[in-house]
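Below is one structure; the comments refer to it alone.
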Amino acid sequence: MDMEELQTFVAVADAGGVSAAARRLGVSKSIVSRRLFRIEAELGVQLLARTTRGAALTEAGSTFRDHAARASAEIDTARETILPTGDLRGRLRVAMPLTFGPTHFAPVLAEMARQHPHRFVDLIAEGFDCAIRAGYLQDSNLIAKRVGPFHGKLVASPDYIEAHGSPQTPDELVTHQALMQGTEAWQFMDGSKIVTVQPQGRFKADSATALAAAAAAGLGIAWLPDCITYDYVASGALVPIMTRYPVPPGAAYVVRPPGQHPTRKVRVLTEMLTEYFKQNPELWGLDG
């Protein structure tokens with residue numbers, strides 16, 4: 001059975017339709033349809049039920065999809081094992097934080113594309129090969145590889161501090177205007193203990209970049225990652241506050257689905273991100 005046809009079927013199954021799979025694979029819809037026809041004809045069963053919204057797996061298709069995905073992954077692993085060097089090919093789909101992904105992680109992907117010109121980097125597609133997660137990794141069945149430290153701090157503008165003072169302890173935060181992404185809790189370290197605070201504030205935004213701008217404008221106190229506040233602090237537009245109670249350190253990870261070996265594309269990306277963090281400690285903080 002043709003491996004390209006297997007991979008096409010898996011793409012259609014995961015994307016939910018021929019059109020989406022064609023975009024993901026970078027081929028025409030007619031090519032995808034022909035591959036599906038050949039694989040169903042060879043098996044003698046219907047794998048996909050075409051609908052007005054796309055395509056849904058039949059019972060046989062659902063069973064076959066898992067086997068086809070494992071077979072494709074094993075062939076990719078075997079190919080990379082016997083050809084461990086050379087250029088990377090194919091599309092790599094990476095999910096990353098919207099706030100600082102385009103500014104801080106995208107340059108690493110651009111350099112990866114420059115070093116391996118026969119491949120494509122798709123940052124906003126579905127069916128991701130891996131994702132970059134930063135902060136505190138939630139429990140999940142994903143396989144995570146740490147690539148570097150991730151630190152943050154409380155900051156406020158000099159004008160805000162002059163007008164409202166600077167909190168000295170976590171308890172004092174409840175009397176200040178907090179700039180938040182939602183209703184999140186803030187955590188701080190008091191020696192070896194973790195202190196949790198529920199801040200209150202009127203200004204909320206789903207972007208750390210927007211929160212940094214609001215803090216610099218004197219609207220309140222913000223908890224932000226160092227990579228966002230670095231230039232603000234360097235210029236004096238924002239000032240670190242309550243430094244006796246630091247924010248618990250986090251980390252950045254490359255995460256991927258379980259049950260399969262990482263492709264060489266994902267391994268190369270992981271290695272480049274690890275090196276990037278080492279070369280830019282002022283943005284991400286230092287380990288230890």
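Residue indices begin at 1 and follow the sequence shown.
- Within 6.0 Å of CD in E184 there are more than 12 heavy atoms belonging to other residues, nucleotides or ligands.
- Not one N or O on the side chain of E4 forms a donor-acceptor pair closer than 3.5 Å with the backbone of R35.
- Closest non-hydrogen pair, I194 versus M189, comes out as CD1-CG, 3.9 Å.
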Q: Test side chain to side chain contact (heavy atoms under 4.5 Å, CB included) on R65 and D14 and set out the steps.
A: CA-CA 9 Å; R65 183 265 168 213; D14 293 348; 3.0 Å; yes
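- Scored by the side-chain hydrogen bond (donor to acceptor under 3.5 Å, both in side chains) test, T229 finds no partners at all (sequence neighbours excluded).
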Q: Please test L6 against M3 for side chain to side chain contact (heavy atoms under 4.5 Å, CB included), starting from the C-alpha separation and ending with a verdict.
A: CA-CA 5 Å; L6 280 180; M3 185 54 60; 3.9 Å; yes
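- In terms of hydrophobic clustering, with Ile, Leu, Val, Met, Phe, Trp and Tyr side chains grouped at heavy-atom distances under 4.5 Å, W186 and I161 are assigned to a common cluster.
- Linking ILVMFWY residues whenever their side-chain heavy atoms come closer than 4.5 Å, directly or via other members, places L57 and I39 in the same cluster.
- Applying the salt bridge (Lys or Arg N to Asp or Glu O under 4.0 Å) criterion to R133, with sequence neighbours excluded, gives no partner residue.
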Q: Show your reasoning for whether side chain to side chain contact (heavy atoms under 4.5 Å, CB included) applies to L219 and Q177.
A: CA-CA 7 Å; L219 298 184; Q177 284 294 316; over 6 Å; no
(Q) The test is side chain to side chain contact (heavy atoms under 4.5 Å, CB included); show your working for L47 and L36 and say whether it passes. (A) CA-CA 9 Å; L47 300 175; L36 288 175; over 6 Å; no
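- Sorted by first and then second residue, the ring-ring contact (aromatic ring centres under 6.0 Å, His included) pairs with a member in residues 8-43 read F9-F64; sequence neighbours excluded.
- Other residues, nucleotides and ligands contribute more than 12 heavy atoms inside 6.0 Å of the CD atom of Q46.
- Put simply, Y276 and V268 are part of the same group of oily side chains (I, L, V, M, F, W, Y) that touch within less than 4.5 Å, one to the next.
- M242 pairs with exactly one of V247, I221, L173 by the side chain to side chain contact (heavy atoms under 4.5 Å, CB included) rule, that one being L173.
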